[in-house]
J.: 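Have a look at this one before I ask anything.
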Amino acid sequence: YDAFQILFNRSINTLADALRCSRNSFELCPSQNYADYKITGKPPKLYDRPIAVLLGPTCVSNGDLTAQRLRYHPMVKFFGASSNASLGFNTFITDFSGWFLRYSIADAYHVNNPGIYLNRREFPIDFPVWHNRDDVAAGKDAVVEKALDWINNLIYGHDLKVNKSYYHPENDTLKVSVQIENPNLHQTSSTLYINNSEGNLVDSLILNRIGISGKSETWKGNLLVQGSEDFFSLSLSAKDITDEKVFTSSYISRFTTSGPVTVDSIVSIKSSNNYISIRPFFYNHGIKKTIKNVTVKLSSKDPWVNLINPSEIIINDIVPDSMVGSSTWSCAGLVDSFFPGYINLSFEIMSDGWVNWTDSIRVIIEPVGINEEKNLPITFKLEQNYPNPFNPETTITYSIGKSGMVDLSIYNILGIKIKTLLNKYLSVGTYKINLDGTLLSSGIYFCKLQTENNMKVIKIELLK
(Lines give C-alpha, C1' and ligand atoms only; values in the text may rest on other atoms or scores of the structure.)
Protein backbone atom coordinates (compact mmCIF):
# COMPACT_ATOMS: atom_id res chain seq x y z
CA TYR A 1 0.00 0.00 0.00
CA ASP A 2 2.86 2.41 0.79
CA ALA A 3 4.51 1.61 -2.55
CA PHE A 4 1.29 2.29 -4.45
CA GLN A 5 1.00 5.64 -2.67
CA ILE A 6 4.46 6.58 -3.94
CA LEU A 7 3.76 5.45 -7.52
CA PHE A 8 0.28 6.99 -7.98
CA ASN A 9 -1.02 10.56 -7.76
CA ARG A 10 -4.73 9.78 -7.29
CA SER A 11 -6.96 7.39 -5.39
CA ILE A 12 -8.58 4.61 -7.45
CA ASN A 13 -11.03 1.84 -6.63
CA THR A 14 -9.43 -1.10 -8.47
CA LEU A 15 -10.70 -4.57 -7.53
CA ALA A 16 -13.43 -6.09 -5.39
CA ASP A 17 -14.38 -9.61 -4.36
CA ALA A 18 -17.52 -11.51 -5.22
CA LEU A 19 -18.47 -14.31 -2.84
CA ARG A 20 -20.58 -17.35 -3.61
CA CYS A 21 -24.14 -16.60 -2.63
CA SER A 22 -24.58 -20.23 -1.52
CA ARG A 23 -22.40 -23.35 -1.38
CA ASN A 24 -25.16 -25.05 -3.37
CA SER A 25 -24.69 -22.96 -6.54
CA PHE A 26 -22.09 -21.18 -8.65
CA GLU A 27 -23.87 -17.82 -8.37
CA LEU A 28 -21.68 -14.96 -7.15
CA CYS A 29 -22.72 -11.99 -5.01
CA PRO A 30 -20.44 -9.00 -5.73
CA SER A 31 -19.14 -7.05 -2.74
CA GLN A 32 -19.44 -3.28 -2.52
CA ASN A 33 -16.38 -3.07 -0.26
CA TYR A 34 -13.59 -1.62 -2.40
CA ALA A 35 -11.31 -0.68 0.50
CA ASP A 36 -9.30 -3.92 0.45
CA TYR A 37 -7.79 -3.14 -2.96
CA LYS A 38 -8.14 0.65 -3.17
CA ILE A 39 -5.04 2.54 -4.29
CA THR A 40 -4.60 5.71 -2.25
CA GLY A 41 -2.19 7.73 -4.37
CA LYS A 42 -0.64 10.91 -3.06
CA PRO A 43 -1.07 13.99 -5.30
CA PRO A 44 0.44 15.66 -7.15
CA LYS A 45 3.56 13.61 -7.91
CA LEU A 46 3.15 10.66 -10.25
CA TYR A 47 6.04 8.25 -10.81
CA ASP A 48 6.43 9.23 -14.45
CA ARG A 49 9.24 6.97 -15.72
CA PRO A 50 8.75 3.64 -17.54
CA ILE A 51 7.82 0.71 -15.29
CA ALA A 52 8.36 -2.83 -16.61
CA VAL A 53 6.45 -5.50 -14.65
CA LEU A 54 7.76 -9.06 -15.12
CA LEU A 55 5.15 -11.83 -14.91
CA GLY A 56 5.02 -15.58 -15.22
CA PRO A 57 2.88 -18.59 -14.27
CA THR A 58 4.40 -18.88 -10.77
CA CYS A 59 3.05 -15.43 -9.90
CA VAL A 60 0.06 -16.46 -7.75
CA SER A 61 -2.52 -15.21 -5.24
CA ASN A 62 -1.51 -11.78 -3.93
CA GLY A 63 0.95 -11.61 -6.82
CA ASP A 64 -2.03 -11.92 -9.16
CA LEU A 65 -3.86 -9.16 -7.29
CA THR A 66 -0.85 -6.85 -7.28
CA ALA A 67 -0.36 -7.29 -11.03
CA GLN A 68 -4.03 -6.52 -11.67
CA ARG A 69 -3.78 -3.33 -9.63
CA LEU A 70 -0.60 -2.23 -11.41
CA ARG A 71 -2.61 -2.18 -14.65
CA TYR A 72 -3.98 1.19 -13.48
CA HIS A 73 -0.59 2.92 -13.63
CA PRO A 74 -0.09 4.86 -16.88
CA MET A 75 3.65 4.09 -17.09
CA VAL A 76 3.36 0.30 -16.67
CA LYS A 77 3.84 -2.37 -19.35
CA PHE A 78 3.84 -6.13 -18.69
CA PHE A 79 6.50 -8.55 -19.92
CA GLY A 80 6.69 -12.35 -19.86
CA ALA A 81 3.70 -14.69 -19.64
CA SER A 82 0.32 -14.67 -17.90
CA SER A 83 0.25 -14.97 -14.14
CA ASN A 84 -1.32 -18.03 -12.49
CA ALA A 85 -4.70 -16.21 -12.35
CA SER A 86 -5.52 -17.65 -8.94
CA LEU A 87 -7.68 -14.89 -7.53
CA GLY A 88 -10.31 -17.01 -5.77
CA PHE A 89 -10.49 -17.89 -2.08
CA ASN A 90 -10.41 -21.60 -1.29
CA THR A 91 -12.15 -23.58 1.42
CA PHE A 92 -12.64 -27.24 2.35
CA ILE A 93 -15.53 -29.63 2.88
CA THR A 94 -14.60 -32.48 5.21
CA ASP A 95 -17.99 -34.14 5.52
CA PHE A 96 -16.66 -37.45 4.17
CA SER A 97 -14.54 -39.71 6.37
CA GLY A 98 -10.99 -39.82 5.02
CA TRP A 99 -11.76 -37.37 2.22
CA PHE A 100 -12.01 -33.62 1.69
CA LEU A 101 -13.18 -31.39 -1.13
CA ARG A 102 -11.48 -28.08 -1.92
CA TYR A 103 -13.46 -25.44 -3.82
CA SER A 104 -13.39 -21.69 -4.54
CA ILE A 105 -15.79 -19.51 -2.57
CA ALA A 106 -14.91 -16.18 -4.22
CA ASP A 107 -13.63 -14.43 -7.31
CA ALA A 108 -12.24 -10.96 -8.01
CA TYR A 109 -13.30 -8.39 -10.59
CA HIS A 110 -12.37 -4.86 -11.67
CA VAL A 111 -14.78 -2.30 -10.20
CA ASN A 112 -15.07 -0.62 -13.60
CA ASN A 113 -15.85 -3.95 -15.31
CA PRO A 114 -18.38 -5.82 -13.10
CA GLY A 115 -19.38 -9.34 -14.04
CA ILE A 116 -16.03 -10.14 -15.70
CA TYR A 117 -14.30 -12.38 -13.17
CA LEU A 118 -10.53 -12.86 -13.09
CA ASN A 119 -9.98 -16.30 -11.59
CA ARG A 120 -8.38 -18.52 -14.29
CA ARG A 121 -8.64 -15.68 -16.84
CA GLU A 122 -5.58 -15.00 -19.01
CA PHE A 123 -3.67 -11.91 -17.89
CA PRO A 124 -3.09 -9.38 -20.74
CA ILE A 125 0.64 -9.17 -21.53
CA ASP A 126 1.97 -6.20 -23.51
CA PHE A 127 5.19 -7.94 -24.58
CA PRO A 128 4.81 -11.77 -24.60
CA VAL A 129 8.23 -13.38 -24.20
CA TRP A 130 9.52 -16.42 -22.31
CA HIS A 131 12.61 -18.46 -21.55
CA ASN A 132 14.01 -21.31 -23.61
CA ARG A 133 16.67 -23.92 -22.80
CA ASP A 134 19.43 -22.33 -24.86
CA ASP A 135 18.96 -18.92 -23.24
CA VAL A 136 18.94 -20.41 -19.75
CA ALA A 137 22.09 -22.43 -20.48
CA ALA A 138 23.80 -19.25 -21.67
CA GLY A 139 22.65 -17.29 -18.60
CA LYS A 140 20.36 -15.09 -20.68
CA ASP A 141 17.01 -13.86 -19.27
CA ALA A 142 14.84 -13.12 -22.31
CA VAL A 143 12.12 -11.40 -20.23
CA VAL A 144 14.54 -8.98 -18.55
CA GLU A 145 16.30 -8.23 -21.83
CA LYS A 146 12.99 -7.44 -23.54
CA ALA A 147 12.02 -5.11 -20.69
CA LEU A 148 15.37 -3.31 -20.78
CA ASP A 149 15.14 -2.94 -24.55
CA TRP A 150 11.74 -1.26 -24.14
CA ILE A 151 12.93 1.09 -21.39
CA ASN A 152 16.17 2.07 -23.12
CA ASN A 153 14.55 2.83 -26.49
CA LEU A 154 11.23 4.38 -25.41
CA ILE A 155 10.24 7.95 -26.30
CA TYR A 156 8.20 9.24 -23.35
CA GLY A 157 7.38 12.43 -21.43
CA HIS A 158 8.08 13.23 -17.79
CA ASP A 159 8.15 16.15 -15.35
CA LEU A 160 5.13 17.89 -16.83
CA LYS A 161 4.56 21.30 -15.25
CA VAL A 162 1.59 23.69 -15.42
CA ASN A 163 1.73 27.32 -14.36
CA LYS A 164 -1.33 27.21 -12.05
CA SER A 165 -3.81 24.84 -10.47
CA TYR A 166 -6.86 27.15 -10.70
CA TYR A 167 -7.95 28.99 -13.85
CA HIS A 168 -10.72 31.45 -14.67
CA PRO A 169 -12.42 30.00 -17.78
CA GLU A 170 -12.20 32.17 -20.89
CA ASN A 171 -9.72 34.55 -19.16
CA ASP A 172 -6.71 32.41 -18.14
CA THR A 173 -4.09 30.64 -20.22
CA LEU A 174 -2.78 27.18 -19.39
CA LYS A 175 1.00 27.17 -19.81
CA VAL A 176 2.61 23.73 -19.86
CA SER A 177 6.14 22.38 -20.21
CA VAL A 178 7.41 18.80 -20.31
CA GLN A 179 10.62 16.86 -20.84
CA ILE A 180 10.61 14.26 -23.64
CA GLU A 181 13.22 11.50 -23.62
CA ASN A 182 14.39 10.64 -27.14
CA PRO A 183 17.13 8.01 -26.67
CA ASN A 184 17.65 7.33 -30.40
CA LEU A 185 17.19 10.94 -31.55
CA HIS A 186 14.18 10.02 -33.68
CA GLN A 187 11.70 12.45 -35.17
CA THR A 188 9.06 13.12 -32.51
CA SER A 189 5.86 14.98 -31.70
CA SER A 190 4.00 15.60 -28.46
CA THR A 191 0.33 16.30 -27.69
CA LEU A 192 -1.42 17.24 -24.44
CA TYR A 193 -4.99 15.97 -23.92
CA ILE A 194 -7.50 17.49 -21.47
CA ASN A 195 -10.33 15.40 -20.03
CA ASN A 196 -13.19 16.59 -17.84
CA SER A 197 -14.28 14.99 -14.56
CA GLU A 198 -16.42 12.50 -16.49
CA GLY A 199 -13.34 11.30 -18.38
CA ASN A 200 -14.43 12.83 -21.69
CA LEU A 201 -11.90 14.54 -23.96
CA VAL A 202 -12.67 18.27 -24.14
CA ASP A 203 -9.53 19.80 -25.68
CA SER A 204 -6.00 19.08 -26.89
CA LEU A 205 -2.79 21.02 -27.45
CA ILE A 206 0.08 20.24 -29.84
CA LEU A 207 3.30 21.13 -28.01
CA ASN A 208 6.36 22.75 -29.56
CA ARG A 209 9.96 21.68 -28.99
CA ILE A 210 11.94 24.65 -27.69
CA GLY A 211 15.22 23.06 -26.55
CA ILE A 212 17.45 19.97 -26.71
CA SER A 213 19.98 18.78 -24.14
CA GLY A 214 21.63 15.53 -25.20
CA LYS A 215 18.81 13.01 -25.63
CA SER A 216 16.32 15.01 -23.56
CA GLU A 217 14.04 17.62 -25.17
CA THR A 218 11.98 20.47 -23.66
CA TRP A 219 8.48 20.98 -25.11
CA LYS A 220 6.05 23.79 -24.27
CA GLY A 221 2.61 25.09 -25.22
CA ASN A 222 -0.11 27.59 -24.25
CA LEU A 223 -3.87 27.09 -24.34
CA LEU A 224 -6.76 29.41 -23.45
CA VAL A 225 -8.82 27.61 -20.80
CA GLN A 226 -12.46 27.29 -21.87
CA GLY A 227 -15.64 25.65 -20.62
CA SER A 228 -17.60 25.84 -17.38
CA GLU A 229 -16.70 24.93 -13.81
CA ASP A 230 -15.11 21.48 -13.58
CA PHE A 231 -12.01 19.50 -12.69
CA PHE A 232 -9.73 18.49 -15.56
CA SER A 233 -6.99 15.87 -15.91
CA LEU A 234 -4.02 16.04 -18.27
CA SER A 235 -2.64 13.20 -20.39
CA LEU A 236 0.43 13.31 -22.60
CA SER A 237 1.27 11.38 -25.76
CA ALA A 238 4.84 11.22 -27.06
CA LYS A 239 5.01 9.95 -30.64
CA ASP A 240 8.02 8.27 -32.19
CA ILE A 241 7.40 9.30 -35.80
CA THR A 242 10.39 7.33 -37.08
CA ASP A 243 9.21 4.00 -35.63
CA GLU A 244 5.48 4.90 -35.75
CA LYS A 245 4.97 4.26 -32.03
CA VAL A 246 3.06 6.28 -29.45
CA PHE A 247 3.42 6.19 -25.66
CA THR A 248 0.62 7.87 -23.69
CA SER A 249 0.72 8.62 -19.97
CA SER A 250 -2.68 9.51 -18.50
CA TYR A 251 -3.75 11.57 -15.47
CA ILE A 252 -0.28 13.02 -14.98
CA SER A 253 -1.62 16.32 -13.62
CA ARG A 254 -4.86 18.14 -12.80
CA PHE A 255 -6.34 21.63 -12.69
CA THR A 256 -9.74 23.18 -12.01
CA THR A 257 -12.00 26.00 -13.10
CA SER A 258 -14.32 25.41 -10.13
CA GLY A 259 -14.62 27.82 -7.23
CA PRO A 260 -12.40 29.40 -6.24
CA VAL A 261 -12.56 28.38 -2.60
CA THR A 262 -11.15 31.03 -0.26
CA VAL A 263 -11.01 31.75 3.45
CA ASP A 264 -14.22 33.53 4.39
CA SER A 265 -13.54 34.23 8.06
CA ILE A 266 -11.79 32.97 11.18
CA VAL A 267 -13.14 32.46 14.66
CA SER A 268 -10.25 32.65 17.15
CA ILE A 269 -10.04 32.43 20.92
CA LYS A 270 -6.93 33.05 23.03
CA SER A 271 -7.78 30.65 25.79
CA SER A 272 -4.45 30.65 27.64
CA ASN A 273 -1.04 32.30 27.55
CA ASN A 274 0.47 29.76 25.18
CA TYR A 275 -2.12 28.77 22.61
CA ILE A 276 -4.98 30.03 20.44
CA SER A 277 -8.01 28.06 19.28
CA ILE A 278 -8.78 28.60 15.58
CA ARG A 279 -11.84 27.67 13.53
CA PRO A 280 -11.71 28.73 9.84
CA PHE A 281 -14.66 29.10 7.47
CA PHE A 282 -14.34 28.66 3.69
CA TYR A 283 -16.43 30.01 0.82
CA ASN A 284 -17.08 28.40 -2.59
CA HIS A 285 -17.37 31.31 -5.03
CA GLY A 286 -18.54 29.02 -7.86
CA ILE A 287 -22.10 29.04 -9.14
CA LYS A 288 -22.45 25.49 -10.49
CA LYS A 289 -19.95 22.96 -9.12
CA THR A 290 -19.98 21.44 -5.64
CA ILE A 291 -16.41 21.09 -4.38
CA LYS A 292 -16.11 17.59 -2.92
CA ASN A 293 -13.75 15.97 -0.42
CA VAL A 294 -12.28 19.27 0.74
CA THR A 295 -9.34 19.24 3.13
CA VAL A 296 -7.18 22.18 4.21
CA LYS A 297 -3.60 22.44 5.44
CA LEU A 298 -2.87 25.30 7.84
CA SER A 299 0.58 26.79 8.36
CA SER A 300 2.27 29.91 9.70
CA LYS A 301 5.78 31.31 9.24
CA ASP A 302 5.47 33.60 12.25
CA PRO A 303 8.39 33.01 14.65
CA TRP A 304 6.00 33.21 17.60
CA VAL A 305 3.91 30.27 16.30
CA ASN A 306 5.67 27.00 17.19
CA LEU A 307 2.94 24.53 16.13
CA ILE A 308 -0.51 24.15 14.63
CA ASN A 309 -2.42 21.02 15.60
CA PRO A 310 -4.16 19.57 13.74
CA SER A 311 -2.54 21.23 10.74
CA GLU A 312 -4.80 19.39 8.29
CA ILE A 313 -8.56 19.68 8.72
CA ILE A 314 -11.51 18.09 6.93
CA ILE A 315 -14.20 20.34 5.45
CA ASN A 316 -16.00 17.73 3.30
CA ASP A 317 -18.20 19.21 0.51
CA ILE A 318 -18.98 22.88 -0.23
CA VAL A 319 -21.96 23.60 -2.50
CA PRO A 320 -21.80 26.63 -4.83
CA ASP A 321 -22.11 30.13 -3.37
CA SER A 322 -21.97 28.92 0.23
CA MET A 323 -19.73 28.85 3.29
CA VAL A 324 -18.68 25.83 5.38
CA GLY A 325 -16.66 25.86 8.58
CA SER A 326 -14.26 23.32 9.96
CA SER A 327 -15.99 20.84 12.24
CA THR A 328 -13.00 20.89 14.59
CA TRP A 329 -10.81 23.52 16.18
CA SER A 330 -7.08 23.78 15.57
CA CYS A 331 -4.67 25.02 18.22
CA ALA A 332 -1.78 27.36 17.46
CA GLY A 333 1.00 27.11 20.01
CA LEU A 334 2.60 30.46 20.87
CA VAL A 335 5.88 31.79 22.22
CA ASP A 336 3.92 34.18 24.38
CA SER A 337 6.86 36.35 25.46
CA PHE A 338 7.01 38.07 22.05
CA PHE A 339 3.52 37.38 20.66
CA PRO A 340 2.42 40.71 19.02
CA GLY A 341 -1.33 40.08 19.22
CA TYR A 342 -1.86 38.57 15.76
CA ILE A 343 -0.88 35.55 13.69
CA ASN A 344 -0.49 35.16 9.92
CA LEU A 345 -2.07 31.98 8.58
CA SER A 346 -1.61 30.35 5.17
CA PHE A 347 -4.02 27.79 3.72
CA GLU A 348 -3.62 25.09 1.10
CA ILE A 349 -7.18 24.18 0.08
CA MET A 350 -7.50 20.75 -1.52
CA SER A 351 -10.09 18.66 -3.31
CA ASP A 352 -9.36 14.92 -3.48
CA GLY A 353 -5.91 15.66 -2.09
CA TRP A 354 -4.94 18.08 -4.89
CA VAL A 355 -4.01 21.63 -3.87
CA ASN A 356 -6.25 23.76 -6.09
CA TRP A 357 -6.41 27.03 -4.17
CA THR A 358 -4.24 28.91 -1.68
CA ASP A 359 -5.14 31.78 0.60
CA SER A 360 -3.80 33.66 3.60
CA ILE A 361 -5.14 35.91 6.31
CA ARG A 362 -3.94 37.86 9.34
CA VAL A 363 -5.94 37.09 12.46
CA ILE A 364 -6.09 39.69 15.22
CA ILE A 365 -6.33 37.86 18.53
CA GLU A 366 -8.46 39.20 21.33
CA PRO A 367 -8.16 37.49 24.76
CA VAL A 368 -11.59 35.87 25.03
CA GLY A 369 -12.25 32.94 27.37
CA ILE A 370 -13.12 29.60 25.85
CA ASN A 371 -16.47 29.58 27.64
CA GLU A 372 -17.47 32.76 25.77
CA GLU A 373 -17.67 30.96 22.42
CA LYS A 374 -21.42 31.54 22.15
CA ASN A 375 -20.83 35.30 22.40
CA LEU A 376 -18.18 35.48 19.68
CA PRO A 377 -18.24 38.63 17.52
CA ILE A 378 -19.94 38.66 14.15
CA THR A 379 -17.58 37.49 11.40
CA PHE A 380 -16.55 39.45 8.34
CA LYS A 381 -18.91 38.74 5.43
CA LEU A 382 -20.19 40.25 2.18
CA GLU A 383 -23.41 38.60 1.01
CA GLN A 384 -24.61 38.39 -2.57
CA ASN A 385 -26.73 41.42 -3.48
CA TYR A 386 -30.48 41.00 -3.86
CA PRO A 387 -31.99 41.11 -6.37
CA ASN A 388 -29.27 40.05 -8.81
CA PRO A 389 -29.45 40.83 -11.71
CA PHE A 390 -31.06 44.15 -10.73
CA ASN A 391 -32.69 47.19 -12.38
CA PRO A 392 -32.06 49.82 -11.21
CA GLU A 393 -31.66 49.21 -7.44
CA THR A 394 -30.29 46.37 -5.33
CA THR A 395 -29.52 45.79 -1.64
CA ILE A 396 -26.08 44.77 -0.36
CA THR A 397 -25.77 43.16 3.10
CA TYR A 398 -22.42 42.92 4.90
CA SER A 399 -21.06 42.14 8.35
CA ILE A 400 -18.06 43.56 10.20
CA GLY A 401 -16.40 41.36 12.82
CA LYS A 402 -14.06 44.02 14.23
CA SER A 403 -14.52 47.75 14.62
CA GLY A 404 -12.50 49.87 12.20
CA MET A 405 -12.42 51.65 8.85
CA VAL A 406 -14.63 50.03 6.19
CA ASP A 407 -14.61 50.67 2.44
CA LEU A 408 -17.42 49.42 0.19
CA SER A 409 -16.92 50.28 -3.50
CA ILE A 410 -18.11 49.35 -6.98
CA TYR A 411 -15.70 48.53 -9.83
CA ASN A 412 -16.30 48.04 -13.55
CA ILE A 413 -15.21 45.01 -15.58
CA LEU A 414 -11.76 46.60 -16.11
CA GLY A 415 -11.19 46.86 -12.37
CA ILE A 416 -11.61 50.66 -12.26
CA LYS A 417 -13.43 52.06 -9.21
CA ILE A 418 -16.55 53.91 -10.37
CA LYS A 419 -18.48 54.46 -7.12
CA THR A 420 -17.74 54.49 -3.39
CA LEU A 421 -20.78 53.41 -1.37
CA LEU A 422 -19.13 53.68 2.04
CA ASN A 423 -15.79 54.76 3.53
CA LYS A 424 -16.07 55.28 7.28
CA TYR A 425 -15.42 53.83 10.71
CA LEU A 426 -17.98 51.17 11.74
CA SER A 427 -18.56 49.16 14.88
CA VAL A 428 -19.08 45.40 14.88
CA GLY A 429 -22.41 44.52 13.32
CA THR A 430 -24.45 43.65 10.22
CA TYR A 431 -25.43 46.43 7.81
CA LYS A 432 -27.41 46.97 4.62
CA ILE A 433 -26.90 49.54 1.89
CA ASN A 434 -28.73 50.26 -1.38
CA LEU A 435 -27.02 50.65 -4.74
CA ASP A 436 -28.80 52.83 -7.32
CA GLY A 437 -27.71 51.88 -10.85
CA THR A 438 -29.79 54.51 -12.67
CA LEU A 439 -26.69 56.25 -14.02
CA LEU A 440 -24.83 53.05 -14.83
CA SER A 441 -24.83 51.06 -18.07
CA SER A 442 -26.02 47.47 -18.28
CA GLY A 443 -23.27 44.95 -17.60
CA ILE A 444 -21.13 43.14 -15.03
CA TYR A 445 -19.70 45.01 -12.03
CA PHE A 446 -17.79 44.03 -8.91
CA CYS A 447 -18.53 45.05 -5.34
CA LYS A 448 -15.57 45.01 -2.94
CA LEU A 449 -15.77 45.17 0.85
CA GLN A 450 -12.45 45.90 2.55
CA THR A 451 -11.30 46.39 6.13
CA GLU A 452 -7.82 46.48 7.66
CA ASN A 453 -7.46 42.69 7.70
CA ASN A 454 -10.14 41.33 5.34
CA MET A 455 -11.35 41.75 1.78
CA LYS A 456 -14.23 40.19 -0.16
CA VAL A 457 -15.48 40.71 -3.73
CA ILE A 458 -18.80 39.70 -5.30
CA LYS A 459 -19.94 39.94 -8.92
CA ILE A 460 -23.15 41.87 -9.58
CA GLU A 461 -25.11 42.35 -12.81
CA LEU A 462 -27.20 45.30 -13.95
CA LEU A 463 -29.81 44.55 -16.63
CA LYS A 464 -31.81 47.41 -18.15
Side-chain angles (χ1 to χ4, degrees), residues 259-285 291 294-316 318 322-350 355-383 397-408 425-431 448-458:
V261 177
T262 61
V263 180
D264 181 89
S265 53
I266 299 283
V267 175
S268 60
I269 306 167
K270 192 173 189 301
S271 50
S272 76
N273 288 335
N274 58 0
Y275 74 88
I276 297 167
S277 297
I278 301 166
R279 188 186 179 203
F281 290 77
F282 300 91
Y283 196 88
N284 177 6
H285 295 268
I291 312 298
V294 180
T295 55
V296 180
K297 285 185 178 179
L298 287 71
S299 62
S300 176
K301 294 183 179 180
D302 293 339
W304 50 86
V305 178
N306 55 27
L307 67 88
I308 296 179
N309 185 40
S311 59
E312 185 166 333
I313 55 178
I314 298 174
I315 308 297
N316 294 315
I318 312 179
S322 68
M323 180 181 68
V324 174
S326 169
S327 59
T328 59
W329 291 76
S330 292
C331 287
L334 300 175
V335 181
D336 200 61
S337 57
F338 56 97
F339 172 57
Y342 65 86
I343 59 174
N344 296 296
L345 292 174
S346 297
F347 303 85
E348 291 184 338
I349 305 168
M350 298 168 281
V355 178
N356 291 119
W357 312 275
T358 58
D359 204 356
S360 60
I361 193 172
R362 172 172 287 190
V363 183
I364 308 297
I365 307 301
E366 298 183 6
V368 181
I370 192 71
N371 292 327
E372 297 179 46
E373 178 183 340
K374 293 183 180 179
N375 298 317
L376 288 172
I378 297 171
T379 58
F380 176 90
K381 189 173 184 180
L382 174 60
E383 298 182 9
T397 303
Y398 58 97
S399 300
I400 305 301
K402 182 178 176 62
S403 300
M405 289 299 299
V406 178
D407 183 273
L408 185 67
Y425 185 95
L426 291 180
S427 300
V428 175
T430 298
Y431 301 87
K448 183 174 79 169
L449 175 68
Q450 186 161 8
T451 64
E452 180 183 1
N453 301 303
N454 295 284
M455 188 267 287
K456 180 73 178 294
V457 177
I458 60 172

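Sequence positions, counted from 1, serve as the residue numbers for this chain.
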J.: Would you give the length of the straight line joining atom OH of Tyr283 to atom OG of Ser322, rounded to the nearest 0.5 angstrom?
T.: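 One gets 7.0 Å once the value is rounded to the nearest 0.5 Å.
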J.: Less than 4.5 Å apart, side chain to side chain, heavy atoms only: is that true for Phe282 and Val263?
T.: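 Yes, close enough: below the 4.5 Å cut-off.
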J.: Should we say atom CD of Glu312 is surrounded by more than 12 heavy atoms from elsewhere, each under 6.0 Å from it?
T.: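 Yes.
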J.: Partners of Thr451 by side-chain hydrogen bond (donor to acceptor under 3.5 Å, both in side chains), sequence neighbours excluded?
T.: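 If we apply the side-chain hydrogen bond (donor to acceptor under 3.5 Å, both in side chains) test to Thr451, skipping adjacent residues, there are no hits.
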J.: Start with the C-alpha gap between Leu334 and Val305, add the side-chain angles, then the distance that decides, and say whether side chain to side chain contact (heavy atoms under 4.5 Å, CB included) holds.
T.: CA-CA 5 Å; Leu334 300 175; Val305 178; 4.2 Å; yes
J.: Taking all non-hydrogen atoms of both residues, which atom of Val335 and which atom of Pro303 are closest, and how far apart?
T.: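 Heavy atoms only, the tightest pair is CG2-O, 4.2 Å.
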J.: Between Ile313 and Pro280, which heavy-atom pair has the shortest distance, and what is it?
T.: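 Smallest interatomic distance, heavy atoms only, reads CD1-CG, 3.6 Å.
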J.: For Lys402 and Ile400, work out which heavy atoms get closest and say how close.
T.: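 In this case the closest contact between Lys402 and Ile400 is O-CG2, 3.0 Å.
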J.: Identify all side-chain donor-acceptor contacts of residues 338-350 below 3.5 Å with residues at least two apart in sequence or on another chain.
T.:
unit_1, atom_1, unit_2, atom_2, d
Asn344, OD1, Arg362, NE, 2.9
Asn344, ND2, Asp302, OD1, 3.0

J.: Over all heavy atoms of both residues, which pair between Arg279 and Ser326 is shortest? Give the atoms and the distance, please.
T.: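 Nearest pair, atom of Arg279 first, then Ser326: NE-O, 2.6 Å.
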J.: To the closest 0.5 Å, what do you measure between OG (Ser399) and CG (Leu426)?
T.: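 With rounding to 0.5 Å, OG (Ser399) is 11.0 Å from CG (Leu426).
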J.: Test Ile278 against Ile266 for side chain to side chain contact (heavy atoms under 4.5 Å, CB included), laying out the working first.
T.: CA-CA 7 Å; Ile278 301 166; Ile266 299 283; 3.9 Å; yes
J.: Starting at SG of Cys331, measure out to CD1 of Ile276 and round the result to the nearest 0.5 Å.
T.: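 It is 10.0 Å, given to the nearest 0.5 Å.
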J.: Would you say that Val324 contacts Asn316 through its side chain, given a criterion of any heavy-atom pair below 4.5 Å between the two side chains?
T.: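 No; the side chains remain at least 4.5 Å from each other.
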J.: To the nearest 0.5 Å, what is the distance between CG (Asn454) and CG (Leu449)?
T.: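 CG of Leu449 is found 8.5 Å from CG of Asn454.
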J.: Checking Lys456 against Tyr398: charged group under 6.0 Å from the ring centre and within 45 degrees of the axis?
T.: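 No, Lys456 and Tyr398 do not form such a contact.
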J.: Take Val267 and Trp329, measure what side chain to side chain contact (heavy atoms under 4.5 Å, CB included) needs, and give me the verdict at the end.
T.: CA-CA 9 Å; Val267 175; Trp329 291 76; 3.6 Å; yes
J.: Is there side-chain contact between Met405 and Glu452, with at least one heavy-atom pair below 4.5 Å?
T.: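 Counting from C-beta outward, Met405 and Glu452 never come under 4.5 Å.
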J.: To the nearest 0.5 Å, how far apart are CG in Leu382 and CD in Gln450?
T.: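 It is 12.0 Å, given to the nearest 0.5 Å.
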J.: Can you tell me if Asn284 uses its side chain to pair, donor with acceptor, with the backbone of Ile318 under 3.5 Å?
T.: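 Answer holds: yes.
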J.: Measuring from Phe281:CZ to Ser265:OG, what's the distance to the nearest 0.5 Å?
T.: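 The distance works out to 6.0 Å.
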J.: Counting heavy atoms not belonging to Leu307, are there more than 12 under 6.0 Å from its CG?
T.: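 Yes.
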J.: Shortest non-hydrogen contact from Val457 to Lys448?
T.: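 That closest heavy-atom pairing would be CG2-CG, 3.7 Å.
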